Amino acid sequence: MSSVRRRMANLANSVCLKHSVSLWFPHQSPAAHRSSSIGFRTFHRSYVVSSSSFSNENREFVIVGGGNAAGYAARTFVEHGMADGRLAIVSKEAHAPYERPALTKGYLFPLDKKPARLPGFHTCVGSGGERQTPDWYKENGIEMFYEDLVSNIDIEKQTLTTNSGKLLKYGSLIVATGCTASRLPEKIGGNLPGVHYIRDVADADALISSLIVFPENYLLQRLFTPSLARRYEEFYQQNGVKFLKGASIKNLEAGVDGRVTYVKLDDGSTIEADTVIIGIGAKPAVSPFERVGLESSVGGIQVDGLFRTRVPGIFAVGDVAAFPLKMYNRIARVEHVDHARRSAQHCVKALLSAQTDIYDYLPSFYSRVFEYEGSPRKIWWQFFGDNVGETIEIGNFDPKIATFWIDSGKLKGVLLESGSPEEFQLLPKLARSQPLVDKAKLQNASSVEEALEIAGSSL
């Protein structure tokens, strides 16, 4: 059934910024421990008895959360014919689930470049699927509860209570609450007007950053090698971006109008700024589901390879799920749109069918920067695998560059910038196969193309 698509007025006028500061700290996940066997009780489907005391008419399945995972889970229920009159979704947002990457990419384009706006990026357009507007949920018989947080869960009675006082019944519950943005403390100015955290549509204004402050020694320390980071830092600087590395924020100071005016650093120096963007990572939104079972090393709700928690009938997917990363034999929690989509689909298929395949996720990363019209160089990064072992860097940076991670002779991960579609398609094959490669031959490759050909011949 096709969705009814409604046009919405263009949101937000351009904002004139004198000075803008982006406080950027790569999210540091706790070291993941090696997984041993995880004890989970056998799952049995629960049957629901109807009662007029419950606010939801659709009581067999309930999804808590309004992000990517919720949207893709809803689509999977529809594909299995199990949504109409059976599924309800509870979201703290005023909007139907949407594709979050747009918030820090297309949403920030200038107005004359047609920035992304809802309903243009509702799920599941990010993976080529149908745009699931609010009308789509109505047409498919899915009950939506907007702008309401779940405040309590009664595991024995299988009920949820919301902030507005609603009592919701579930037979099977999928927790897809994602993460919340980490914030600077209020006492050092973290909530001043002009200080922004980009996590949802309400946060995503037309913001432009011109100065980046972060405490690490180089850019994207979790992924880039020092030499690769140095090259990209030089490119950013050539395009008017200034870095303050190894800097720590002491506090943000307001002017006479109450808005942020200065950023004060620990070394006593100050930066003038009327707009500050905070990017210091995110925390899994586990409340009020702590009783379901949390994972101590990576955070989040502990699940097995079918996204079942320790409590029968309760599942967790997306950013909030701590799951067994099968190919590397460890527990992981992944904050990535691809994982949100795949975990939701895998969970619902396992719930509704006889599927027993364990989730086998390949870690990946991608980003695109300097995509604006007239940019001297549009950059697109793709990474697949595990960044462990020693690195081999190939390429002259312009027009492309690649980094290979090799551990015990095996190719564990690959990062490629500005590759062709065929080259990008090779990366996940290499990362999943982890072939033995001739390190000396790879090091002597005269180009990225030759290096990828050498690696590909090892498959």
Side-chain angles (χ1 to χ4, degrees), residues 1 35-50 56 58-65 68-89 97 123-124 127-130 132 136-137 140-143 155 158 169-177 289 292-293 295 300-334 338-363 428 432:
M1 184 180 296
S35 61
S36 55
S37 59
I38 305 175
F40 290 88
R41 294 188 233 166
T42 304
F43 168 71
H44 300 285
R45 182 182 294 276
S46 301
Y47 294 90
V48 181
V49 178
S50 178
N56 55 324
N58 299 344
R59 299 174 195 143
E60 189 169 352
F61 308 107
V62 173
I63 299 171
V64 178
N68 276 289
Y72 281 80
R75 183 178 73 173
T76 310
F77 274 108
V78 170
E79 290 171 346
H80 283 75
M82 296 293 282
D84 194 354
R86 297 178 176 181
L87 175 63
I89 298 177
T123 57
C124 295
S127 61
E130 183 180 7
Q132 298 170 195
W136 181 90
Y137 292 89
N140 284 286
I142 300 171
E143 195 172 9
I155 291 174
Q158 294 180 253
K169 183 72 174 177
Y170 66 86
S172 296
L173 171 66
I174 297 177
V175 181
T177 47
F289 302 105
V292 173
E295 209 288 325
I301 297 173
Q302 187 175 14
V303 297
D304 66 4
L306 296 178
F307 297 97
R308 300 175 296 188
T309 70
R310 294 184 181 275
V311 179
I314 300 182
F315 304 76
V317 297
D319 295 0
V320 78
F323 65 97
L325 192 56
K326 181 179 177 181
M327 67 182 299
Y328 298 126
N329 190 33
R330 66 173 185 258
I331 300 298
R333 193 178 60 78
V334 176
D338 180 62
H339 165 66
R341 297 166 179 164
R342 292 177 184 271
S343 62
Q345 293 167 328
H346 195 98
C347 172
V348 175
K349 288 178 182 177
L351 171 61
L352 299 180
S353 69
Q355 173 187 288
T356 57
D357 295 337
I358 298 300
Y359 187 61
D360 189 9
Y361 184 70
L362 174 65
R432 189 168 288 281

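Nothing here was measured: the structure is a model prediction, and the numbers come from that model. Sequence positions, counted from 1, serve as the residue numbers for this chain.
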Visitor: Is any side-chain heavy atom of Val175 closer than 4.5 Å to one of Ile301?
Guide: yes

Visitor: Is there a side-chain contact (heavy atoms from CB on, under 4.5 Å) between Phe289 and Thr177 once you walk through the steps?
Guide: CA-CA 10 Å; Phe289 302 105; Thr177 47; 4.1 Å; yes

Visitor: With a 4.5 Å limit on heavy-atom distance, are the side chains of Tyr170 and Val64 in contact?
Guide: no

Visitor: Got a sec, which residues hit side-chain contact (heavy atoms from CB on, under 4.5 Å) with Ala73, two or more places apart in sequence or on another chain?
Guide: Ile63, Ala344, Val348

Visitor: Taking all atoms of both residues into account, what is the closest heavy-atom pair of Ile331 and Pro324, and its distance?
Guide: CD1-CA, 3.9 Å

Visitor: For Phe323 and His339, I'd like to know if the aromatic rings sit close, meaning centre-to-centre distance below 6.0 Å.
Guide: yes

Visitor: What is the distance from atom CG of Leu306 to atom CD of Gln355, rounded to the nearest 0.5 Å?
Guide: 7.0 Å

Visitor: What pairs with Tyr72 under ring pair (Phe, Tyr, Trp, His ring centres under 6.0 Å), at least two apart in sequence or on another chain?
Guide: none

Visitor: Any heavy-atom pair between the side chains of Leu351 and Phe61 that's under 4.5 Å?
Guide: yes

Visitor: Return the minimal non-hydrogen interatomic distance between Arg86 and Gly81, and the atom names on each side.
Guide: NH1-O, 4.3 Å

Visitor: Who pairs with Phe307 by ring pair (Phe, Tyr, Trp, His ring centres under 6.0 Å), at least two apart in sequence or on another chain?
Guide: Tyr359

Visitor: Indicate yes or no for a side-chain donor-acceptor contact from Ser343 to the backbone of Gly318 under 3.5 Å, with no hydrogens or angles considered.
Guide: yes

Visitor: Determine the minimum heavy-atom distance between Gln158 and Lys169, stating which atoms define it.
Guide: O-CD, 3.4 Å

Visitor: Find the distance between CD1 (Ile142) and CG (Leu87) and round it off to the nearest 0.5 Å.
Guide: 5.0 Å

Visitor: Between Arg333 (side chain only) and Asp319 (backbone N and O only), is there a donor and an acceptor less than 3.5 Å apart?
Guide: yes

Visitor: What heavy-atom pair brings Ala322 and Glu295 nearest, and what distance separates the two atoms?
Guide: CB-CB, 3.6 Å

Visitor: Val303 and Phe315: side-chain contact (heavy atoms from CB on, under 4.5 Å), yes or no, with the steps?
Guide: CA-CA 7 Å; Val303 297; Phe315 304 76; over 6 Å; no

Visitor: Can you list the residues that meet the side chain to side chain donor-acceptor pair (under 3.5 Å) rule with Asn68, with sequence neighbours excluded?
Guide: none

Visitor: List the atom of Cys347, the atom of Val317, and the distance in Å for their closest heavy-atom pair.
Guide: CB-CG1, 3.5 Å

Visitor: With sequence neighbours excluded, tell me which residues meet side chain to side chain donor-acceptor pair (under 3.5 Å) with Asn58.
Guide: none

Visitor: Can you tell me how far CD of Glu79 sits from CG of Asn140, rounded to the nearest 0.5 angstrom?
Guide: 10.5 Å

Visitor: Run the side-chain contact (heavy atoms from CB on, under 4.5 Å) check on Ser127 and Gln345 step by step: do they pass?
Guide: CA-CA 13 Å; Ser127 61; Gln345 293 167 328; 5.7 Å; no

Visitor: Going by an N to O cut-off under 4.0 Å, is there a salt bridge joining Asp360 and Arg432?
Guide: yes

Visitor: Could you give the distance from CZ (Phe77) to CD1 (Ile174), rounded to the nearest 0.5 Å?
Guide: 4.0 Å

Visitor: Indicate the atoms forming the closest heavy-atom contact of Val78 with Ala83, along with that distance.
Guide: CG2-CB, 3.7 Å

Visitor: Can you list everything that forms a side chain to side chain donor-acceptor pair (under 3.5 Å) with Arg342? Sequence neighbours excluded, please.
Guide: Asp338

